[in-house]
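Let me begin by presenting the structure, written as structure tokens, before commenting on it.
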Amino acid sequence: MTDAPKLTDRAALTRNRARALRDPAMFLQETAVEEFQDRLSLVNKSFQSPAIVTGFPDFWAAAFPGAKIVADEDVLDLDPSAHDLVIHAMSLHWANDPVGQMIQCRRALKPDGLFLAGLFGGQTLQELRISLAEAESRVAGGLSPRVAPMAEIRDLGGLLQRAGLALPVADSIPLTVSYQSMVHLMRDLRAMGEGNALDTRLRYPTRREVLTQASDIYARTYGDDQGRVTATFELIFLLGWAPDDSQPQPLRPGSATARLADVLGTQETKLSD
């Protein structure tokens with residue numbers, strides 16, 4: 001049996017994050033904190049034993065004092081049924097096995113415990129992807145992996161169910177950020193710790209001509225009337241519960257006690273065979 005393809009070079013990801021901490025750009029992590037807090041405020045429940053899975057432990061420890069901070073390794077340091085809240089904080093898009101990460105989080109939850117996750121979605125950096133792909137195709141006659149593949153929201157609700165989580169919800173927030181140029185965007189990505197850490201990435205510097213043409217394509221295609229460019233970041237948020245008998249359960253087919261026509265106050269029309 002062969003191993004599944006590996007998405008992320010963990011050594012490179014760790015190195016990128018450490019480099020980012022020298023002069024960090026954490027505004028998207030800060031946005032995620034606000035979104036998590038908003039969602040928790042809507043839940044009529046207090047949480048006494050939270051855990052947070054993250055690649056930026058100091059930042060998230062400050063945001064959620066008292067929470068257990070867990071590194072986002074392939075095998076999570078989580079004890080079974082130990083937590084009433086597990087947050088996977090803005091790193092699931094780097095996971096080699098996203099469903100496996102969700103399963104580990106679900107197993108760490110007590111019955112009726114809450115799982116929350118934030119990650120980048122498929123619209124993220126779409127402008128950069130297109131510009132780099134077009135430039136590299138022109139210059140080098142092919143494409144190399146440069147931006148991590150990210151899931152579409154329509155697929156993520158199903159992943160929650162596959163992980164055994166009940167009452168799944170997925171929603172997204174597309175953010176548009178303005179930059180002076182594509183080069184300034186790429187600098188910001190490094191300051192976020194979101195540089196290229198793909199296991200299949202090129203192991204030598206990108207040709208200058210590729211970057212020059214990509215920057216020109218980016219400015220021409222996504223520039224505004226101020227001479228700046230825009231970049232999209234899609235933040236996707238997932239919510240699911242560890243199953244518990246107290247949760248609403250779907251009715252068995254045929255168990256209804258009232259006709260739909262009676263509830264709607266209308267007349268039922270039988271279809272012809």
Side-chain angles (χ1 to χ4, degrees), residues 1-22 24-26 28-29 32 51-60 69-78 86-108 115-126 128-130 132-133 136 142-153 155-156 158-160 162-163 170 172 185-206 231-238:
M1 178 183 292
T2 58
D3 293 334
K6 187 170 71 167
L7 171 70
T8 303
D9 178 346
R10 292 294 309 184
L13 182 61
T14 300
R15 189 165 56 245
N16 289 351
R17 289 169 171 173
R19 187 182 299 124
L21 293 177
R22 299 172 192 168
M26 305 297 281
L28 294 175
Q29 301 276 338
I52 300 180
V53 179
T54 177
F56 291 99
D58 293 342
F59 175 86
W60 285 91
I69 303 299
V70 178
D72 61 337
E73 301 287 349
D74 289 340
V75 178
L76 302 177
D77 182 21
L78 289 169
V86 175
I87 298 176
H88 208 299
M90 296 304 295
S91 58
L92 196 57
H93 54 282
W94 284 118
N96 287 313
D97 181 8
V99 176
Q101 292 273 300
M102 293 183 195
I103 291 172
Q104 291 181 70
C105 291
R106 190 256 302 161
R107 288 174 176 167
F115 171 74
L116 289 172
L119 67 158
F120 291 119
Q123 296 180 36
T124 299
L125 299 176
Q126 57 187 355
L128 182 62
R129 294 171 192 267
I130 292 169
L132 284 171
E136 190 169 25
L143 301 178
S144 58
R146 297 188 178 276
V147 181
M150 300 174 194
E152 300 292 339
I153 188 170
D155 301 321
L156 288 168
L159 296 188
L160 287 167
R162 282 178 57 191
S172 69
L185 163 62
M186 294 177 75
R187 288 176 184 166
D188 224 11
L189 291 175
R190 286 193 291 271
M192 297 176 193
E194 295 292 340
N196 190 350
L198 293 171
D199 190 61
T200 54
R201 73 191 185 282
L202 293 178
R203 303 303 170 112
Y204 51 84
T206 299
T232 300
F233 294 92
E234 182 187 20
L235 274 59
I236 294 180
F237 294 93
L238 309 177

Between atom [atom1] of [X] and atom [atom2] of [Y], what is the distance when rounded to the nearest 0.5 Å?
{"X": "L235", "Y": "T124", "atom1": "CG", "atom2": "OG1", "value": "7.0 Å"}
{"X": "K6", "Y": "T8", "atom1": "NZ", "atom2": "OG1", "value": "8.5 Å"}
{"X": "W60", "Y": "M90", "atom1": "CH2", "atom2": "CE", "value": "7.5 Å"}
{"X": "E234", "Y": "I153", "atom1": "CD", "atom2": "CD1", "value": "6.5 Å"}
{"X": "D72", "Y": "T14", "atom1": "CG", "atom2": "OG1", "value": "8.0 Å"}
{"X": "L238", "Y": "L160", "atom1": "CG", "atom2": "CG", "value": "5.0 Å"}

Indicate yes or no: at least one non-hydrogen side-chain atom of [X] is less than 4.5 angstrom from one of [Y].
{"X": "F115", "Y": "M102", "value": "yes"}
{"X": "L189", "Y": "L125", "value": "yes"}
{"X": "L198", "Y": "D9", "value": "no"}
{"X": "L92", "Y": "Q101", "value": "yes"}
{"X": "I69", "Y": "T54", "value": "yes"}

Mind running salt bridge (charged side-chain N to carboxylate O under 4.0 Å, His left out) on R162 and D155 for me, showing each step along the way?
CA-CA 11 Å; R162 282 178 57 191; D155 301 321; over 6 Å; no

Look at the rings of F233 and F120 and say which category their plane angle falls in: under 30° parallel, 30 to 60° tilted, over 60° perpendicular.
tilted

Of all heavy-atom pairs between [X] and [Y], which one has the smallest distance, and what is that distance?
{"X": "A197", "Y": "N16", "answer": "CB-ND2, 3.8 Å"}
{"X": "E194", "Y": "W94", "answer": "OE1-NE1, 2.8 Å"}
{"X": "L78", "Y": "A108", "answer": "CB-CB, 3.7 Å"}
{"X": "A25", "Y": "D188", "answer": "CB-OD1, 3.3 Å"}
{"X": "S91", "Y": "V53", "answer": "OG-O, 4.2 Å"}
{"X": "A151", "Y": "I236", "answer": "O-CD1, 3.8 Å"}

Test log, rule side chain to side chain donor-acceptor pair (under 3.5 Å), inputs H88 and Q104
CA-CA 11 Å; H88 208 299; Q104 291 181 70; over 6 Å; no

